Chemist: 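One structure follows; several queries about it will come next.
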Amino acid sequence: MNKTFFTRTKTSRPGTVALGIATITCLALSACSGGGTSSSTGGDDKVVIGQSLPTLDNPWYAAFSEGSKDMAEALGAELNLVTNPATNAYDPSAQLNAIENLIAKRPDVIQIDPTSTDGINGAIEEARNQGIPVITDGIYVSTEVDASVVADNKQGGELAGKFVAETLKSGGNVAVLEGTPGRDIIQQRQDGFKAGISANAGAKIVASQIANLSREEGQTVAENILQANPQLGAMWGASDTMALGALEALKSRSMQGKVVLGGFDGTPEAFQAIKDGDMSFTIDQVPYEMGAVSIALAYLKATEGQFEQKTILETKLVSSENVDDYLSNEEAKRKETLDSVLKKYNLQAK
């Protein structure tokens, strides 16, 4: 559905000077965010967007951040990014502190990738009570926000399950590496996988264990599963990090390429593993696009533009049949994505 969008030029507001001082102080002391950074600086006429991400060490978040930064640059907005300390990147309490520091800097809007469905509600509510809109991505939270953008994780899980079901034509034993409990998108992926694999009555899930989205835990859990199930036909990780950890376990037994191995996220290392024949597939959770859309929505909110409150992006299956599309011309593909998002929301690059 076509919609008309518009933007307005911001006027200077009280607290702008304080914002600049707070931002400089935060960067100098590296104390405001537990390891966060500011992606740009700007004048009084710029839209200022605060952003809270759990980490940049995860390749998915790195790609998301690139999409965010590219969109902010295209729109001439200032993007102040904070991340959680590396020691507890996915801890809601760490993100609560990071968001509170963002609130103190009084941005026009705050964009958050939540670490929990309900664990950071207090900070979200505090921001909105102070008149700062909040845009979330990745997962839904159980309190009100101004807009959200997520990928269809259940659809992605179903794609993964169907791929395994179709590949194991004669059936076989399947293992699942589960993500950290308490994140709704992880549960959606896992539920979708079970639904997808049910198309093959001979494919049986013989092990399903938590590996906490960790590469190291993915390897350890996979080793334990392989010890108990040496005739495994397929293994699927609810994230690429866990799947790549499982790949190390398979390599130690010279089983890489012999077990159907899949992941979820769509990271460059997973793409390369598919190209090399070590992994069979992954699910592209479109991180760059999601980052670009999240900042576009934040900008529209700050400039009184129009947009839908909920945006759901489709995931895509990546296998040996199409992985070359993901390994070549990445810069051109990102520009195409950025231009597409700008066009979708009737925004003009500055």
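Since the model is a prediction, treat every value here as computed from it, not as a measurement.
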Chemist: Between the side chains of Thr282 and Asp240, does any donor sit under 3.5 Å from an acceptor?
Modeler: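 Yes, side-chain donor-acceptor contact under 3.5 Å.
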Chemist: Please give me the minimum heavy-atom distance between Ala296 and Val341, naming the atom from each residue.
Modeler: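 Minimum heavy-atom separation between Ala296 and Val341: CB-CG1, 4.1 Å.
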Chemist: side-chain hydrogen bond (donor to acceptor under 3.5 Å, both in side chains) for Asn121 and Thr143? Distances and angles first, verdict last.
Modeler: CA-CA 6 Å; Asn121 286 355; Thr143 191; 5.0 Å; no
Chemist: As a quick check of understanding, evaluate side-chain hydrogen bond (donor to acceptor under 3.5 Å, both in side chains) for Gln285 and Thr315, giving each step before the final call.
Modeler: CA-CA 5 Å; Gln285 201 199 358; Thr315 60; over 6 Å; no
Chemist: Is the backbone of Tyr61 close enough, under 3.5 Å, to the side chain of Ser65 for a donor and an acceptor to pair up by distance?
Modeler: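 Side chain of Ser65 to backbone of Tyr61, a donor-acceptor pair under 3.5 Å: no, none is there.
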Chemist: Do other residues, nucleotides or ligands put more than 12 heavy atoms under 6.0 Å from Lys310 NZ?
Modeler: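 Atom NZ in Lys310 is not crowded, with 12 or fewer foreign heavy atoms closer than 6.0 Å.
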Chemist: Check for a donor-acceptor pair, side chain of Lys333 on one end and backbone N or O of Asp325 on the other, with a separation under 3.5 Å.
Modeler: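 Pair found, side chain donor or acceptor close to backbone of Asp325.
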Chemist: Side chain of Asn229, backbone of Gln231: donor and acceptor closer than 3.5 Å?
Modeler: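 Not at all, since once roles are kept as given, no pair shorter than 3.5 Å links the two residues.
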Chemist: I'd like to know if the side chain of Asp265 and the backbone of Thr267 have a donor-acceptor N/O pair within less than 3.5 Å.
Modeler: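 Not confirmed, Asp265 side chain does not pair with Thr267 backbone.
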Chemist: When you compare the side chain of Asp70 with that of Tyr288, does any pair of heavy atoms fall below 4.5 Å?
Modeler: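 Counting from C-beta outward, Tyr288 and Asp70 do come under 4.5 Å.
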Chemist: Please state whether the rings of Trp236 and Phe264 are parallel, tilted or perpendicular, taking 30° and 60° as the class boundaries.
Modeler: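 Rings of Trp236 and Phe264: perpendicular, as their planes differ by over 60°.
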Chemist: Walk me through whether Ile135 and Ser148 qualify under side chain to side chain contact (heavy atoms under 4.5 Å, CB included).
Modeler: CA-CA 6 Å; Ile135 312 295; Ser148 62; over 6 Å; no
Chemist: Under 3.5 Å, side chain of Arg189 to main-chain N/O of Gly157, donor-acceptor pair present?
Modeler: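 Such a contact is absent between Arg189 side chain and Gly157 backbone.
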Chemist: Is atom CD of Gln130 surrounded by more than 12 heavy atoms (other residues, nucleotides or ligands) closer than 6.0 Å?
Modeler: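 Check passes, neighbour count above 12.
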Chemist: Checking the side chain of Gln256 only, and the main-chain atoms of Met279 only, is there a donor and an acceptor separated by less than 3.5 Å?
Modeler: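 Not a single qualifying donor-acceptor pair exists.
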Chemist: Judged by atom type as modelled, is there a donor-acceptor pair below 3.5 Å linking the side chain of Asp276 to the main-chain atoms of Asp278?
Modeler: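 No, Asp276 side chain to Asp278 backbone: no donor-acceptor pair under 3.5 Å.
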Chemist: Indicate yes or no for a side-chain donor-acceptor contact from Asn200 to the backbone of Ile197 under 3.5 Å, with no hydrogens or angles considered.
Modeler: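 No; zero donor-acceptor contacts below 3.5 Å.
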Chemist: Would you say Phe64 and Ser294 make side-chain contact, with heavy atoms under 4.5 Å?
Modeler: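 In short, these two side chains touch, coming nearer than 4.5 Å.
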Chemist: Just by distance, do the side chain of Gln95 and the backbone of Asp113 share a donor-acceptor pair under 3.5 Å?
Modeler: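 Side chain of Gln95 to backbone of Asp113, a donor-acceptor pair under 3.5 Å: yes, one is there.
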Chemist: Go through the side-chain N and O atoms of Ser214 and Glu216 and say whether any donor and acceptor fall under 3.5 Å apart.
Modeler: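 Looking only at side-chain atoms, Glu216 and Ser214 do form a donor-acceptor pair, the distance falling under 3.5 Å.
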Chemist: Under a 3.5 Å cutoff, is there a donor and acceptor pairing between the side chains of Asp108 and Tyr299?
Modeler: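 Not at all, the side chains of Asp108 and Tyr299 share no donor-acceptor pair under 3.5 Å.
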Chemist: Considering residues at least two apart in sequence or located in another chain, which fulfil the salt bridge (Lys or Arg N to Asp or Glu O under 4.0 Å) criterion with Asp339?
Modeler: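 By the salt bridge (Lys or Arg N to Asp or Glu O under 4.0 Å) rule, Asp339 matches Lys335.
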Chemist: Does a donor on one side chain and an acceptor on the other come within less than 3.5 Å for Glu178 and Ser208?
Modeler: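 Side chains of Glu178 and Ser208: pair found under 3.5 Å.
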Chemist: Side chains of Ser68 and Gln51 only: does a donor on one sit below 3.5 Å from an acceptor on the other?
Modeler: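 Note: Ser68 and Gln51 side chains meet the donor-acceptor criterion.
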Chemist: Among side-chain atoms of Asp91 and Ser93, is any donor-acceptor pair under 3.5 angstrom?
Modeler: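 Yes.
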Chemist: Are Glu73 and Lys69 within salt-bridge range, i.e. N to O under 4.0 Å?
Modeler: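 Lys69 and Glu73: not salt-bridged.
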Chemist: For Ala89, is there any backbone N or O sitting under 3.5 Å from a side-chain donor or acceptor partner on Asn84?
Modeler: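 Yes, the answer is positive, given that a donor and an acceptor are paired below the 3.5 Å cut-off.
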Chemist: CD of Glu336: more than 12 outside heavy atoms within 6.0 angstrom?
Modeler: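 No.
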Chemist: Check the surroundings of atom CD in Gln272: do more than 12 heavy atoms from other residues, nucleotides or ligands lie under 6.0 Å from it?
Modeler: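 Yes, enclosed.
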Chemist: Check each of Leu232, Val164, Val259 against Val174 using the side chain to side chain contact (heavy atoms under 4.5 Å, CB included) test, and report the only one that passes.
Modeler: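 Testing each of Leu232, Val164, Val259 against Val174, the sole residue satisfying side chain to side chain contact (heavy atoms under 4.5 Å, CB included) is Val164.
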